[in-house]
Amino acid sequence: MKKLWRIYHESYMIRPTVYRSLMKSAVVLLLAVLWNQFINNGLFTIGYAFLALGLICMALAWFNYLSLDGIHVNFAILDKLKERRSKQRQHSKKDMVDYVQEPVVSFDELEPEERTACGLVSSLLTGLLFALLSLFF
């Protein structure tokens with residue numbers, strides 16, 4: 001955990017973490033609603049889907065934590081897809097931010113270790129949110 005706090009102490013990492021948490025939450029909510037609409041046959045409530053998907057998010061956070069410890073899984077297929085996607089990009093995304101004194105850092109501009117830390121925190125936040133939501137539904 002000391003390594004995570006050492007990496008995550010910068011304030012510019014909050015924005016990418018919040019954005020990734022919101023995106024993961026939207027995807028998890030969509031998956032839970034789709035499960036409830038099409039797969040669920042009435043035996044379970046949507047709270048079970050929230051709990052299962054929250055646990056999956058926490059497992060993703062654990063894999064990010066292991067990656068920070070130095071355990072990496074090398075997926076050659078994913079590397080080829082990333083190379084192809086980076087070659088296809090012609091226009092860079094630009095954010096319009098007014099009245100900000102500090103430069104805005106996007107997720108793509110972070111170091112690989114900082115990206116992993118942002119992924120860890122966003123997965124934990126999403127997992128905890130949906131685990132708590134499962135208690136109410």
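Model, not experiment: these values are computed from the prediction. Numbering of residues begins at 1 and proceeds along the displayed sequence.
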- [ ] Sequence neighbours left out, what passes side chain to side chain donor-acceptor pair (under 3.5 Å) with Asn64? Give chain and number order.
- [x]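 For Asn64, no residue satisfies side chain to side chain donor-acceptor pair (under 3.5 Å) once neighbours in sequence are set aside.
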
Quick check: is [Y] connected to [X] through a chain of hydrophobic side chains (ILVMFWY, heavy atoms under 4.5 Å apart)?
| X | Y | value |
| --- | --- | --- |
| Val27 | Leu60 | no |
| Tyr19 | Leu128 | no |
| Phe50 | Trp35 | no |
| Leu55 | Leu66 | no |
| Ile46 | Val28 | yes |

May I have the list of side-chain donor-acceptor pairs in residues 129-137 shorter than 3.5 Å, sequence neighbours left out?
| residue | atom | partner | partner atom | Å |
| --- | --- | --- | --- | --- |
| Ser134 | OG | Ala131 | O | 2.5 |

TODO: Please collect all side chain to side chain donor-acceptor pair (under 3.5 Å) contacts where either partner lies in residues 39-50, sequence neighbours excluded, each pair once.
DONE: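 The answer is Asn36-Asn40.
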
Under the side-chain contact (heavy atoms from CB on, under 4.5 Å) rule, collect the residues that match up with [X], sequence neighbours excluded.
| X | answer |
| --- | --- |
| Ser21 | Thr17, Ser122, Leu125, Thr126 |
| Leu34 | Leu30, Phe38 |
| Leu22 | Val18 |

- [ ] Measure across Leu120 and Ala61 and return the closest heavy-atom pair with its distance rounded to 0.1 Å.
- [x]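 Between these two residues, the closest heavy atoms are CD1-O, 2.9 Å.
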
TODO: Could you tell me which non-hydrogen atom of Met13 sits nearest to which non-hydrogen atom of Glu114, and how far apart they are?
DONE: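 For Met13 versus Glu114, the nearest heavy atoms are CE-O, 3.5 Å.
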
Task: Ile39 side, atom CD1; Leu31 side, atom CG - distance, nearest 0.5 Å - done: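 Ile39 atom CD1 to Leu31 atom CG measures 9.5 Å (nearest 0.5 Å).
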
Task: Spacing of Leu124 atom CG and Trp62 atom CH2 [to the nearest 0.5 Å] - done: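 These two atoms lie 11.0 Å from each other.
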
